[in-house]
Amino acid sequence: MSFRTLISRLSSSSKEAHNLLLLLRRSSSPTLRSQSSHVSRHLYPKRTPTIGGEGRPFNWSVLPLAVAASAGFGVALDLRSDPAACDSGHEGSESGGRVGGKNSTELVVGGFHKEVPRELIEELKAVCETNITLDHEERYFHGKPQNSFHSAVNIPDVVVFPRSEDEVSKIVTSCNKHKIPIVPYGGATSIEGHTLAPQGGVCIDMTLMNKVKELHVEDMDVVVEPGIGWIELNEYLKPYGLFFPLDPGPGATIGGMCATRCSGSLAVRYGTMRDNVINLKAVLANGDVIKTGSRARKSAAGYDLARMMIGSEGTLGIITEVTLRLHKLPQHSVVAMCNFQTIKDAADVAIATMLSGIQVSRVELMDEVQIKAINIANGKNLPEVPTLMFEFIGTEAYSREQTLLVQKIVSEHKGSDFVFVEEPEAKKELWKIRKEALWACFAMQPDSEAMITDVCVPLSRLGECISRSKQLLDASPLVCTVLAHAGDGNFHTVILFDSKSEDQLREAERLNHFMVHAALEMEGTCTGEHGVGTGKMKYLEEELGIEALRTMKRIKVALDPNDIMNPGKLIPPHVCF
């Protein structure tokens with residue numbers, strides 16, 4: 001495009017014209033300032049009939065200088081779309097069609113790819129020695145999430161495996177110097193595209209940093225590296241009579257669990273990741289290492305940086321150490337199961353149980369389609385009806401007392417077939433049904449992909465939200481199952497679809513959109529525990545408001561001015577300030 005054509009284009013947009021004039025008038029260059037009046041006369045012909053004015057032609061050569069000068073005094077000139085317009089995501093705005101932008105429907109994440117310079121590769125080799133790979137197969141594996149249908153146009157250019165916090169700091173410092181993007185990588189169990197590398201760059205695989213650094217039994221806390229899995233950590237803690245209560249999908253690591261602010265089936269009793277981290281350490285975009293607090297169980301000292309990092313999804317820093325709150329292993333537990341004719345009846349019992357004040361540790365709901373999948377996958381013969389599962393913990397007498405109280409609530413809400421078990425193997429077998437529910441779904445359609453929703457609503461609206469969603473799901477041609485952490489209002493649907501079928505993909509997206517918007521109408525959230533990644537960005541403005549997103553963007557820009565930390569995630573691309 002010639003610069004004369006560019007000026008003609010600006011003539012059609014008063015906002016873009018205003019930005020250009022502002023750029024020229026604020027310039028420290030007298031030459032640029034002198035040209036502002038000529039641009040004004042051309043852009044506003046009704047005010048001045050000629051471009052040259054007083055016989056002086058516009059000096060077109062200064063326009064590229066104006067663009068270059070913008071970097072010198074902090075005025076951003078975006079000639080593709082107006083910064084104010086991109087907030088609204090209006091039709092025609094380039095941001096409106098970008099993945100994660102408002103109203104975005106694209107699933108393949110695009111991104112500008114910057115070639116990784118050879119100098120950076122050599123610097124990374126000096127730090128990581130043999131723990132670095134350029135192998136295409138390894139890079140592809142790290143660039144395609146294992147449990148997600150999301151994908152990106154690019155994959156990482158290099159994968160590194162640091163062994164210490166110092167190595168992470170050196171890697172990040174080098175990447176920041178060369179302005180090469182970074183994607184942190186843990187257990188790869190996230191499902192919203194968190195580990196995609198749409199701009200290529202460096203994937204930092206944290207799995208070699210998997211040590212327990214300190215255990216304080218009397219204080220009931222533990223200091224760990226981010227690469228250790230929660231299952232491995234609990235195996236380590238078991239001989240000490242302690243455990244870490246969060247239980248997301250198998251394979252999840254503590255670093256990734258912090259980054260996505262995950263929870264699991266025990267959150268109804270013990271809270272989410274936010275509630276179980278005492279402090280953490282993280283490497284910022286410039287390579288600095290911060291520690292967010294002490295080991296004290298509570299503190300009112302300064303900003304709560306730990307909570308800012310928890311849920312930041314690698315966009316603000318890379319977590320290198322976590323101090324976790326631990327709990328005593330329960331003395332006794334009882335697991336119960338019961339059936340219902342409708343999903344609303346089951347949800348109502350979950351709500352009534354919580355309102356009764358009974359201290360359950362788990363309340364899990366599965367619909368009849370999910371039970372059918374479990375029967376197929378495990379060769380069982382469970383009644384294919386909506387089902388609730390409970391866990392009660394404490395002393396033997398207390399656990400049994402709570403069980404009988406819930407049995408009474410179930411009988412008052414049209415429940416049936418209430419059974420409970422106390423033997424360790426029987427309890428393990430029952431919970432195995434729930435923990436392997438996702439994999440059981442694939443037994444129904446082995447070649448399918450799964451779109452998994454993650455809405456959460458205020459507890460009193462759970463029955464309504466599930467019932468409305470269930471009507472739509474049952475009417476869909478796709479196989480859809482419902483699973484819920486019913487005690488805290490969080491429920492998932494597993495929507496099976498053929499990724500090669502555009503019609504099925506659109507139908508899965510339609511169902512997902514409906515459930516998210518239904519939850520938001522009920523003052524809920526688009527994601528209770530899976531995080532935002534690339535998949536949920538498009539819903540954040542409706543949920544949080546543009547000012548909250550601008551505040552997040554300001555924090556991101558302040559801590560990561562070169563935008564190297566997991567770019568293209570969490571903050572929608574249309575958010576500007």
Side-chain angles (χ1 to χ4, degrees), residues 162 164-173 175-176 182-186 190 194 204 206 209 213-214 216 219-228 244 246 253-263 267 270-326 527 529 531-533 540 544 547-567 569-571 575 577:
S164 67
E165 181 179 86
D166 182 61
E167 288 189 3
V168 175
S169 177
K170 290 176 180 177
I171 291 165
V172 173
T173 299
C175 290
N176 192 50
I182 289 168
V183 179
Y185 190 93
S190 60
H194 297 90
I204 303 183
M206 305 294 288
M209 294 180 62
K213 300 180 76 172
E214 299 173 24
H216 307 104
D219 297 322
M220 292 200 299
D221 69 51
V222 65
V223 183
V224 300
E225 291 183 325
I228 190 169
F244 180 66
L246 274 72
T253 60
I254 296 299
M257 291 163 66
C258 288
T260 56
R261 198 159 62 231
C262 80
S263 50
Y270 297 101
T272 71
M273 203 70 188
R274 175 183 62 190
D275 308 300
N276 288 278
V277 173
I278 297 174
N279 70 63
L280 57 81
K281 295 177 74 175
V283 174
L284 302 182
N286 64 356
D288 287 352
V289 179
I290 63 166
K291 185 171 183 178
T292 63
S294 68
R295 280 202 304 118
R297 282 286 176 128
K298 63 180 184 179
S299 171
Y303 292 140
D304 195 341
L305 298 180
R307 302 305 174 274
M308 185 177 73
M309 285 292 173
I310 296 169
S312 64
E313 302 184 4
T315 62
L316 301 180
I318 298 178
I319 295 168
T320 53
E321 180 184 288
V322 188
T323 303
L324 299 169
R325 187 188 304 266
L326 302 178
T527 176
E529 59 184 4
V532 176
L540 290 194
L544 302 175
E547 291 305 327
L549 294 180
R550 283 178 178 148
T551 301
M552 293 182 192
K553 182 86 169 195
R554 289 185 177 99
I555 294 170
K556 166 72 170 170
V557 170
L559 293 179
D560 181 21
N562 291 326
D563 194 27
I564 65 166
M565 306 300 285
N566 213 9
K569 317 290 171 59
L570 200 146
I571 301 174
V575 176
F577 61 88

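Values in this document were obtained by computation on a predicted structure and should not be read as measured data.
- Taking both residues in full, the closest heavy atoms of Leu326 and Asp221 are given as CD1-C, 3.8 Å, listed atom of the first, atom of the second, then distance.
- In terms of the salt bridge (charged side-chain N to carboxylate O under 4.0 Å, His left out) criterion, Asp288 has no residue partners (sequence neighbours excluded).
- Applying the ring pair (Phe, Tyr, Trp, His ring centres under 6.0 Å) test to every pair with at least one member in residues 296-319, sequence neighbours left out, gives no pairs at all.
- Of all non-hydrogen atoms in Cys258 and Val277, the two that sit nearest each other are SG-CG2, 3.9 Å.
- Here the side chains of Glu167 and Thr320 are not in contact, with every heavy-atom distance at 4.5 Å or above.
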Start with the C-alpha distance between Val172 and Ser169, add both sets of side-chain angles, then the distance that settles side chain to side chain contact (heavy atoms under 4.5 Å, CB included), and finish with yes or no. CA-CA 5 Å; Val172 173; Ser169 177; over 6 Å; no
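- When all heavy atoms are compared, the tightest approach of Leu540 to Leu570 is CD1-O, 3.2 Å.
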Under the criterion side chain to side chain contact (heavy atoms under 4.5 Å, CB included), I'd like the reasoning laid out for Leu559 against Met565: C-alpha separation, chi angles, the key distance, then a yes or no. CA-CA 10 Å; Leu559 293 179; Met565 306 300 285; over 6 Å; no
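- Under the 4.5 Å side-chain criterion, counting only non-hydrogen atoms from C-beta, Leu280 is in contact with Ile310.
- Taking the side-chain contact (heavy atoms from CB on, under 4.5 Å) definition, one finds that Asp304 meets it with Ala306, Arg307, sequence neighbours left out.
- In Lys170, the NZ atom is not crowded: 12 or fewer heavy atoms of neighbouring residues, nucleotides or ligands sit closer than 6.0 Å.
- In this structure Ser263 satisfies the side chain to side chain donor-acceptor pair (under 3.5 Å) test together with Glu529, sequence neighbours excluded.
- Under the side chain to side chain donor-acceptor pair (under 3.5 Å) criterion, Glu313 pairs with His194, not counting sequence neighbours.
- Under the 3.5 Å distance criterion, the side-chain polar atoms of Arg297 are left unmatched by any main-chain donor or acceptor of Arg325.
- Annotation: side-chain contact (heavy atoms from CB on, under 4.5 Å) contacts of Thr253 (sequence neighbours excluded): none.
- Put simply, the side chain of Lys569 never gets that close to the backbone of Thr315: no donor and acceptor are under 3.5 Å apart.
- In this structure, Asp275 has no salt bridge (charged side-chain N to carboxylate O under 4.0 Å, His left out) partners at least two apart in sequence or on a different chain.
- Of all heavy-atom pairs spanning Glu225 and Lys213, the tightest one is CG-CD, 3.8 Å.
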Worked verdict on Thr272 versus Met257 for side chain to side chain contact (heavy atoms under 4.5 Å, CB included): CA-CA 10 Å; Thr272 71; Met257 291 163 66; over 6 Å; no
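- Atom CD1 of Ile204 is separated from atom CD1 of Ile171 by 5.0 Å, given to the nearest 0.5 angstrom.
- Contact record, Pro184 with Gly314: CG-CA, 4.1 Å, taken as the closest heavy-atom pair.
- For Asn176, the side-chain contact (heavy atoms from CB on, under 4.5 Å) partners are Asn286, Asn562, Ile564, not counting sequence neighbours.
- Judged as a side chain to side chain donor-acceptor pair (under 3.5 Å), and not counting sequence neighbours, Lys553 has no contacts.
- In plain terms, the two heavy atoms of Pro226 and Met206 that are nearest each other are CG-CE, 3.7 Å.
- Of the options Leu246, Ile228, Ile319, a side-chain contact (heavy atoms from CB on, under 4.5 Å) to Ile254 is made by Ile228 and by none of the others.
- Distance check: Cys262 SG to Met273 CE gives 5.5 Å after rounding to the nearest 0.5 Å.
- Side-chain atoms of Lys556 do not come within 3.5 Å of backbone N or O of Asp563 as any donor-acceptor pair.
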Apply side chain to side chain contact (heavy atoms under 4.5 Å, CB included) to residues Met552 and Val575 and explain how you reach the verdict. CA-CA 9 Å; Met552 293 182 192; Val575 176; over 6 Å; no
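- The ring-ring contact (aromatic ring centres under 6.0 Å, His included) search around Phe244 returns none, not counting sequence neighbours.
- Under the side chain to side chain donor-acceptor pair (under 3.5 Å) criterion, Thr260 pairs with no residue at all, not counting sequence neighbours.
- Legend: residues meeting side-chain contact (heavy atoms from CB on, under 4.5 Å) with Lys291, ordered by chain and number and at least two apart, are Asn279, Lys281.
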